[in-house]
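Just so you know, ligand 1 is whichever comes first in the structure, and atom 1 is the first atom listed for that ligand. Note: hydrogens, waters and symmetry copies are ignored here, and every other heavy atom, side chains too, is used. Predicted model, so just to flag it, every value in this text is computed and none were measured. Numbers here simply count residues along the sequence, with the first being 1.
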Amino acid sequence: MAAASASLTIAAMNTSTTTSTSSALPRIAVLATGGTIAGAAPDATNTSGYQAGVVGVGQLLAAVPSLATVANVQAEQVASVDSKDMALALWTTLSQRVDTLLASGEIDGVVITHGTDTLEETAYLLHLTVKSSKPVVLTAAMRPSSALSADGPLNLLNAVTVAGSAQAKGQGVLVAFNNRIHSARDVVKTSTYAVDAFHSPEIGALGWVQDGRVEFQRAVVRPHTTATPFAIASIGAQWPDVEVVTSYAGASRVAVDALVAAGVKGIVVAGTGNGSIHATLQTALAEAAAKGVAIVRSSRVGSGHVMRNGAASDDALGFVTAGTLNPYKARVLLMLALASGHTTPAALQNVFDTY
Ligand code: SIN
């Protein structure tokens, strides 16, 4: 939604305690990364021509005095980016910072403020890499902080409330948005403008938060955080190059051939329907698979799952299927799997069936 992008800066850690301390309250670290929640426009009716990531975390917290009643909040400005510009290096910084804070024994939970555009990717990355069972909750906003009826303040209060709740422990990374609590694995952005912009298609939200009350209605089943083998430290600066291509009427092989020539390690295809692929594109992808490029079939549909289509196709072509992961989350998992040494179609399918 942002018309202009904030420059991508990974700011120096800037720590400040912003609420008075009460020993009865949970200790929550708020890590700010930018986004529309930290956006500002010249006037209050402007919700499309603003600049994302320009309002500092101190100002975000000051807009929500009630935070002092739910947590002792410590704030850090980790970055100030429009999340369309999210970088893999910032994912590394964020994951490591979350681990450090939660291991310190002085923090009970972490809230990350983020742009909505790539929130689902960052959330899933952290869900797979953070090594703590303490709550980690991402939140965001669809309207800049300067807007009439800005949604950021309530989303931030709700996220801190969830992060401080006993029920959120062990649920993996969560997204608190518009009163609902979602699993990082399932949640996707589904609207370009509505404040009810995040849903978990097929599966639904985990629960809700309202007026200080947190209720979970189901638990997260697939392994996450401490139960995965994925470690951000082992990736370092060497993220495997994985790209996404899309299938559509008249699709060509130009993009796949260019990616293979560039040396990519994996390609996720956003297929039609149950991850079906235009014949021309499929031939190019099969040739790429034969050269050792990992090929994962996902779907551009937006809900449902992609199932293996048997010996005649996926087995013969060396393709992997993404299940319920959309193409962008499938890319996150494929990068982590490749970085962890899973390279054969069988090993990768096992990863996709597990996480
Ligand atoms: C962003 O993703 O940083 C901008 C858009 C938003 O947060 O809604």
*Considering only heavy atoms of Thr36, which atoms of ligand 1 have at least one such atom less than 4.0 Å away?*
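Reading through ligand 1 atom by atom, the close ones are 4 (C), 5 (C), 6 (C), 7 (O), 8 (O).
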_Distance filter under 4.0 Å to Asp82 heavy atoms, resulting ligand 1 atoms_ =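 Per the distance check, 1 (C), 2 (O), 3 (O), 4 (C).
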*State if Ala141 counts as touching ligand 1 under the rule of any non-hydrogen atom under 4.0 Å.*
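Yes, that is the case, since the closest heavy atom of the residue is under 4.0 Å from the ligand.
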Please report whether ligand 1 has a polar contact with [X], defined as an N or O pair separated by less than 3.5 Å (distance criterion only).
{"X": "Thr118", "value": "no"}
{"X": "His114", "value": "no"}
{"X": "Ser83", "value": "yes"}
{"X": "Lys189", "value": "no"}

*Please say which of Leu157, Thr161, Leu156, Val160 ends up in a side chain to side chain contact (heavy atoms under 4.5 Å, CB included) with Ser66.*
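In the set Leu157, Thr161, Leu156, Val160, the residue that makes a side chain to side chain contact (heavy atoms under 4.5 Å, CB included) with Ser66 is Leu157.
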*Is it true that the side chains of Ser298 and Arg331 contain a donor and an acceptor less than 3.5 Å apart?*
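There is no such pair between these side chains.
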*Using distance alone, with no hydrogens and no angle criterion, decide if Thr118 and Lys189 have a side-chain donor and acceptor under 3.5 Å apart.*
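No.
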_Leu334 and Phe352, any side-chain heavy atoms less than 4.5 Å apart_ =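 When only atoms from C-beta onward are counted, Leu334 and Phe352 do touch, with a gap below 4.5 Å.
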Indicate every side-chain donor-acceptor pair of residues 203-217 with a distance under 3.5 Å to a residue at least two apart or in another chain.
from: Arg213; atom 1: NH2; to: Glu215; atom 2: OE1; distance (Å): 2.9

*Going by side-chain heavy atoms closer than 4.5 Å, which hydrophobic residues are tied to Ile295, directly or by a chain of links?*
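In the cluster with Ile295 are Val245, Val256, Leu259, Val260, Val264, Ile267, Val269, Ile277, Leu281, Leu285, Val293, Leu317, Phe319.
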